Amino acid sequence: MIPHLSISRARLAFILGGLAMFGPFSIDTVFPAFPAMAADLDVGKVAMQQTISVYLVGYAAMSLFHGPISDAIGRKKVLLAGIVVFTLASVGAALATDMATMLVYRALQGLSAGVGLIVGRAIVRDCLQGDDAQRLMSQISMIFGIAPAIAPVIGGWILGFSDWHGIFWFLAGFGVLLLVLTAWGLPESHPPEQRVPLHPVTLARDYGGMLSNRSFRLLTLAGTANFGALFLYIASAPAFVMDLLGLGEQDFVWFFAPTIGGMMLGAFASGRAAGRVSGRRLVEWGFLCCGVAAAYNVGYNALTDSPTLPWAVLPTALGAFGIALVFPIVTLSILDMYPRQRGSASSMQAFVGLVSNAAIAGLLSPLVSHSGLALAITAATFTAVAYALWRWYLAHSAR
């Protein structure tokens with residue numbers, strides 16, 4: 001049991017992991033339906049890519065407020081409100097008949113979907129300290145990691161007996177399920193005596209202080225760039241799977257299953273290493289895996305004009321393993337910088353990451369997803385930048 005809450009760690013991990021699945025489900029479940037949606041809504045590939053970009057812009061914009069609001073009024077109320085909005089937006093997307101309407105509801109999905117991940121991170125730090133927090137964060141990462149693997153499979157399966165509208169009805173049903181689980185099974189972790197009043201001037205000052213903190217900037221940017229190498233492939237999944245690998249609408253599992261399997265193994269290893277291996281060493285091991293994956297990926301794609309399974313997906317699986325080793329340590333270190341403003345710190349970290357992801361999905365992916373080598377070189381650049389930022393953080397901390 002969590003010491004001051006009437007909830008087991010297993011149940012907390014299950015509920016918070018489910019809440020964190022909003023984002024991957026909202027993006028990856030729709031991937032197999034891109035061709036059908038483009039034909040039905042009478043738009044091209046670039047316009048379909050904007051359904052991801054608009055979603056991420058909404059996600060990023062609201063991510064600045066999920067955490068501070070939860071710092072002020074409590075975690076559970078914010079979670080429940082976000083789930084309700086997400087569910088209603090999914091219903092709206094299911095009923096959409098033109099691209100303009102679809103983009104509006106995708107933006108609303110983005111505005112609400114981040115509540116689970118952002119507030120969930122703050123809840124972890126509310127409840128646990130040190131190695132126990134790392135273990136719980138790793139457990140949540142394992143559950144969260146299932147979503148990108150099964151989401152496109154579910155999307156393809158739904159397309160087997162329904163049209164693309166059915167995918168959004170599924171997302172609405174998923175929202176209803178999480179609403180019930182959260183209302184019934186998740187207690188409030190942020191008591192009134194620890195809450196911080198929400199005021200625009202105070203919020204702006206707090207965020208300004210975070211952005212002026214070099215340690216915060218370096219860690220946040222390192223984590224963002226490290227994940228950017230993987231997210232480039234996630235955002236480019238339709239082109240990578242169907243165009244470069246020559247697979248079909250129901251074959252996304254061949255990319256996502258190994259990749260998310262690597263992430264889940266990394267999260268498991270991180271949890272097992274808590275208390276046995278220092279956080280710094282674990283991050284170094286994670287970056288080593290990412291570096292090996294990047295070097296192999298560039299070399300493989302330089303030597304072949306037609307990437308094939310399984311060789312084309314091995315580097316993303318190994319890279320995902322390394323990212324999962326790095327993520328819990330970096331995130332907990334960021335939250336520990338602001339113990340009374342964990343929600344705000346989580347929000348700012350998420351905001352920076354999501355602005356990056358929106359740019360990757362909307363601008364970078366369309367430019368490089370036509371070529372396996374271009375994807376590999378761009379992803380390797382993200383990894384190199386992330387490691388340089390991490391080493392800069394270590395040097396700054398030593399000084």
Side-chain angles (χ1 to χ4, degrees), residues 21-59 86-113 146-178 231-257 259-260 313 316 357-358 360-362 365-366 369-370:
M21 291 167 78
F22 267 143
F25 264 35
S26 301
I27 296 176
D28 300 338
T29 311
V30 186
F31 277 158
F34 266 27
M37 289 177 66
D40 199 14
L41 299 174
D42 194 25
V43 296
K45 286 185 177 180
V46 174
M48 286 306 304
Q49 199 73 22
Q50 298 312 308
T51 64
I52 301 176
S53 185
V54 166
Y55 167 89
L56 290 173
V57 168
Y59 195 128
F86 176 87
T87 303
L88 294 176
S90 298
V91 171
L95 298 174
T97 57
D98 58 79
M99 179 54 92
T101 304
M102 173 61 68
L103 291 178
V104 169
Y105 285 113
R106 286 292 280 172
L108 285 174
Q109 279 188 320
L111 288 170
S112 55
I146 297 172
I150 65 174
V153 179
I154 292 173
W157 176 70
I158 291 173
L159 289 176
F161 68 85
S162 180
D163 58 16
W164 62 265
H165 300 275
I167 293 176
F168 290 100
W169 286 117
F170 163 77
L171 292 175
F174 182 64
V176 171
L177 175 62
L178 282 178
F231 187 79
L232 176 65
Y233 276 87
I234 294 174
S236 305
F240 181 68
V241 172
M242 292 189 282
D243 297 339
L244 295 179
L245 295 181
L247 303 177
E249 295 177 356
Q250 299 186 8
D251 294 327
F252 280 74
V253 65
W254 295 109
F255 164 63
F256 282 102
T259 301
I260 305 307
V313 299
T316 57
N357 290 347
I360 289 171
S365 174
S369 60
H370 65 283

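As a basis for the values below, the full set of heavy atoms in this structure was taken, side chains included, without hydrogen atoms, waters or symmetry mates. This one's a predicted model, so the numbers in the text were calculated from it and none came from an experiment.
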One should read off an interatomic distance between Ser369 OG and Leu244 CG, to the nearest 0.5 angstrom, of 7.5 Å
Is it true that a side-chain atom of Thr101 and a backbone atom of Thr97 form a donor plus acceptor pair closer than 3.5 Å? no
Are Phe170 and Phe25 close enough that their ring centres sit under 6.0 Å apart? yes
Considering only heavy atoms from C-beta outward, does the side chain of His370 approach that of Asp243 to under 4.5 Å? no
Donor-acceptor pair, distance only, cut-off 3.5 Å: does the side chain of Arg106 make one with the backbone of Ser26? yes
Heavy-atom closest pair, residues Val54 and Ala107: CG1-CB, 3.6 Å
Can you list the steps and then say if Tyr59 with Gln109 is a side-chain contact (heavy atoms from CB on, under 4.5 Å)? CA-CA 8 Å; Tyr59 195 128; Gln109 279 188 320; over 6 Å; no
Start with the C-alpha distance between Tyr55 and Gln50, add both sets of side-chain angles, then the distance that settles side-chain contact (heavy atoms from CB on, under 4.5 Å), and finish with yes or no. CA-CA 8 Å; Tyr55 167 89; Gln50 298 312 308; over 6 Å; no
Do you know which two heavy atoms are closest between Ser90 and Ala172, and how far apart they sit? CB-N, 3.6 Å
Go through the steps for Phe255 and Tyr233 under the test side-chain contact (heavy atoms from CB on, under 4.5 Å), then give the verdict. CA-CA 9 Å; Phe255 164 63; Tyr233 276 87; 3.7 Å; yes
Ser162 side chain to Leu159 backbone, donor-acceptor under 3.5 Å: no
Residues Ile167 and Thr29: closest non-hydrogen pair is CG2-CG2, 3.4 Å
Side-chain contact, heavy-atom cut-off 4.5 Å: Leu247 with Trp254? yes
Are the side chains of Leu103 and Thr51 in touch, meaning some heavy atoms are under 4.5 Å apart? yes
Distance col, row Phe174:CZ vs Ile154:CD1, nearest 0.5 angstrom, shows 8.5 Å
Which heavy atom of Ala89 sits nearest a heavy atom of Leu108, and at what distance? CB-CB, 3.7 Å
Whether over 12 other heavy atoms sit under 6.0 Å from Phe34 CZ: yes
Closest approach of Pro35 and Met242, non-hydrogen atoms and distance? CG-CE, 4.1 Å
Could you check Asp40 against Met99 for side-chain contact (heavy atoms from CB on, under 4.5 Å), going step by step and ending with a plain yes or no? CA-CA 9 Å; Asp40 199 14; Met99 179 54 92; over 6 Å; no
Would you mind reporting whether Phe240 and Thr316 have side-chain heavy atoms less than 4.5 Å apart? no
Here the pair of heavy atoms bringing His165 nearest to Ala96 is CE1-O, 3.5 Å
